[in-house]
Amino acid sequence: MRKQIAAANWKMNLNLEEATGLLKNILQAPLQLLPGREVIFAVPFPFIPMAAEKSVGKNNIFIAAQNCSNKKSGAYTGETAAFMLQSVGVQYIIIGHSERREYFHETNAMLAEIIDQCFLHQLQPLFCCGEPLSVREEGKEMDYVARQLAESLFHLTPEQMQQVVIAYEPIWAIGTGKTATTAQAQEMHAFIRQQLEKKYGHHIAQSVSILYGGSVKAANAKELFSQPDVDGGLVGGASLQAAEFITIIQSLD
Ligand code: PGA
């Protein structure tokens, strides 16, 4: 069966002391991570060694970077390459978060290149997709997401696709306190799975975890995660509070 995942996206928050304290408080809790359940911490680059060290020997806890370069190595000042992230204990990379698409102009084609860099270095992509409000208001959200999947992911082999985690994050629900209804989330997740099935077949479509992101919190996690095609969440704001995120982890189906 596919994995149920709670992924924290700390974004550009916290200093080292705060980050260390937050991680310690979460990891001390009785998380009850049965087989098939995972927790991922996508921490800012400077905190990766600390987070990797704290998670050593802990079952089903993984560290993610929030981005990585589409270039292999070389004269790209300010960039961080996949091989570097692998060497400091990262297992997952968030790819194509809407904030990166919007503020840093990452395109579907560039994201496909980042994904290829990940696979060259045994890093698992946590690929984000999702539509802006204007697209949903026009009723074109399915076409929009289908295109994101096709242009960034569908060059992968079936074996590679099986290692991708997808996060559906409607942009209008990120950091706004506005969550998609469980019905809206389930509808899009089922659609994404259907796209995977068309391209890669039933077995692979059923094995890829699809997370929901956008104002997930302790109070709504259980209901969202209970939907048949929602396999957990990618959590921003609520992952910065230990008690909130612990409850979200404990809400995994
Ligand atoms: P949010 O962020 O939970 O604060 O809405 C989610 C995300 O951007 O991944």
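Counting convention: from 1, in listed order, for ligands and their atoms alike. Keep in mind it's a predicted model, so treat the numbers as computed, not measured.
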Worksheet, complete the sentence: Counting only non-hydrogen atoms and a 4.0 Å cut-off, the residues near ligand 1 are N9, K11, H97, E169, A173, I174, G175, G214, S215, L234, V235, G236, G237
Practice prompt. Could you tell me which non-hydrogen atom of V88 sits nearest to which non-hydrogen atom of A52, and how far apart they are?
Written response: O-CB, 3.6 Å
Practice prompt. Please check if the side chain of H121 supplies one atom and the backbone of L123 the other of a donor-acceptor pair under 3.5 Å.
Written response: no
Worksheet item: Under 6.0 Å between the ring centres of Y212 and F225?
Response: no
Discussion item. Could you go through Y200 and Q162, starting from their C-alpha distance and side-chain angles, then the distance that decides it, and tell me whether this counts as side chain to side chain contact (heavy atoms under 4.5 Å, CB included)?
Written reply: CA-CA 9 Å; Y200 292 103; Q162 255 180 319; over 6 Å; no
Worksheet item: Checking R100 side chain against N67 main chain: does a donor-acceptor pair fall under 3.5 Å?
Response: no
Fill in: Under 3.5 Å: donor-acceptor pair, side chain of Q66, backbone of A42
yes
